Amino acid sequence: MRSLCCALVQLALLSTTSLLVAQGPAAQPVKLAIDAAHAKGNVSPMLYGLMTEEINFSYDGGLYAELVRNRTLQDGNGPSHWFLHEGDAPAATMKIDKTTGPSTALPVSLRLEVPAGPALRDLPAVENEGYWGIPMRAQTQYTGSFYAKSDGPQSVTASVVNNTTGAVLATATVAVQGGWQRYSFQLKTGAIQASANNRLRLAVSKPGTTWFTLVSLFPPTYHDRANGFRADLMEKLAAMHPAFLRLPGGNYLEGDHINERFDWKKTIGPFVDRPTHPSPWRYHSSDGMGLLEFLEWCEDLKMQPVLAVYAGYSLRGDYVKPGTDLEPYVQDALDEIEYVTGSANTRWGAERVKDGHPEPFALQYVEIGNEDWFDKSGSYEGRYAQFYKAIKAQYPQLQLIATTPVKQTRPDVVDDHYYRTARQFFDDVHHYDNTDRNGPKIFVGEWATREGSPTPNFGAALGDSAWMTGMERNSDLIVMSSYAPLLVNVNPGGMQWETDLIGYDAMQSYGSPAYYAQVMFSNHVGNEILPVVQTGDAPRLFYSVTRRASDGTVIVKLVNASSQPQKVQLALDGVSHVSPSAKLLTLSARTTAATNTLTSPRTVEPVESAISNAAPRFTHTMPAYSIQVLELKTK
Ligand code: AHR
């Protein structure tokens, strides 16, 4: 009897609880009062931009469309990623030759030696495996080239060969003779099955010795730029409508040691004169993405470069003392700015013209170093001051970014970085609400919710979106922000840093849920920040409201990071009319673990719909785990 009674009480309690849960959202909707009559500041027109670097095979094996891996034979010991195909010459050999190359920058080559023997039908060759394959598609033209030297007249046949069947997918033959020269060829595919299961083969027709380097093969690129960018990745970046690109990256700027920094002067001009260099992310950079290519990337996506200059500190702790020792580095930075912005009459502007870009690039921001809070020597105060003084003397209009707060000089902007969990971002969305508006402006130059691997899951998208509402509400102070890193080659061994916005292999790419959140945020933002007052509690609800002054549209961003739907009362004060029909974009998932992958690229993606009950005062119900944008027309 006693237990039956208890069971009944429990049942009653349980049903009350479930009733409460079921009624919870309806009972007391949170109210957001939006002051549509008094903007509290302007949204920075450069709020959303890009930041990445040579990490996770982001450029080589990623954005930079080159298909040949280790094209200059300087990556690793021995001919990494190159293979010998003996064909009908079983005694043929392939090895690295450190005694000959086409230039001082490229002193190394791949030597293919074919001894005299019976007639060759299956031609001996060197083969490159590409970045986890050489992707080939039907009816497509590929542009190839190589530098070669030979000890006698040779015919070199360039072809792409399927690894499984040995089928030749496209082929071209080039006559090679004498000392080092550049040779080019075109490969055109027919009606083939698209696949990356291929190698590039360079075969010789006769016995003899042939040396190769700077072997290159490009597919069609974005905007058909020679030596350009992978189209699918550029399209994904373009969809983010980024206002700027922080270049050339974070750690990649610094290098492990001073001589491994991004030494920009060694990244310009013909590829044959670029010595290439090790990236701090444990692989060698081809420097195909040199300074000018970064700038062209900006041009293609209509982004402003945010130029980070090497400031005398490298990752393993080497630093240059401020004063005379630092002067050459300061001069390098001045030369770099001149290369970017100078006219043809300047020393470095003329160099850019010679490199094929007559027009100077617009430049507003220069960042001095990267994450100099790691420099425990305390030299950044002096280094920043020295760069600041020299750059401002020549370019007073430039805004100079410090990578950590400094006292000796007042920086124009300070770069803050945040790599966090979703929960840490939820708890810190008010981070900048009370920051002194009379101090330096803020650049959130690297940030991400690091949940999900290789790319962020939906929980990370919620953390990111909550954080973005905070940045947007404070975008009178935060002039720029950039998620990092952007790109990851998801093949085994491709990733050095977990949680990257966009994933890909040789053939395909996909945007993570966090990518779609970025697209939603950056494509739907007004130019004025509207104040919002919240009444009532709402678990894990985050918001920001902006207005597009040109047409009066009020853009409401709502993030419901809780597992329950939430009702939100929206009140637009100072507005007499709101069109009942309003555009609604929703990114949502059943669980925080939901994600996108190469094989399921669209599990989580934004869905556009409309609401029909918009008004100066109305109630909106947010689904559980959702990120929404509402566009309210007030005119
Ligand atoms: O984005 C990855 C790395 O994180 C950057 O190279 C560095 O600046 C930061 O520590």
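Keep in mind the model is a prediction, meaning the values are calculated, not measured. Atoms within each ligand, like the ligands themselves, are counted from 1 in listed order.
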>> Between the side chains of Asp427 and Arg423, is the shortest nitrogen-to-carboxylate-oxygen separation below 4.0 Å, so that they form an ion pair?
In response: yes
> Is the shortest side-chain N to carboxylate O distance from Glu446 to Arg246 below 4.0 Å?
Replying inline: yes
>> Check this for me, if you would: do Lys265 and Asp263 make a salt bridge, where the nitrogen-to-carboxylate-oxygen distance has to be below 4.0 angstrom?
In response: no
>> With side chain to side chain contact (heavy atoms under 4.5 Å, CB included) as the test, pick out the partner of Arg261 among Asp256, Asp318, Leu315, Asp332.
In response: Asp332
>> Using a 4.0 Å cut-off on heavy atoms, what residues surround ligand 1? Order them by chain and number.
In response: Glu53, Gly250, Asn251, Trp281, Asn370, Glu371, Tyr419, Glu446, Pro485, Trp497
>> If you take the centroid of each ring, where Trp contributes its six-membered ring, are Phe57 and Tyr283 closer together than 6.0 Å?
In response: yes
> Is any NZ, NE, NH1 or NH2 atom of the basic residue among Arg316 and Glu260 found under 4.0 Å from an Asp or Glu carboxylate oxygen of the other?
Replying inline: no
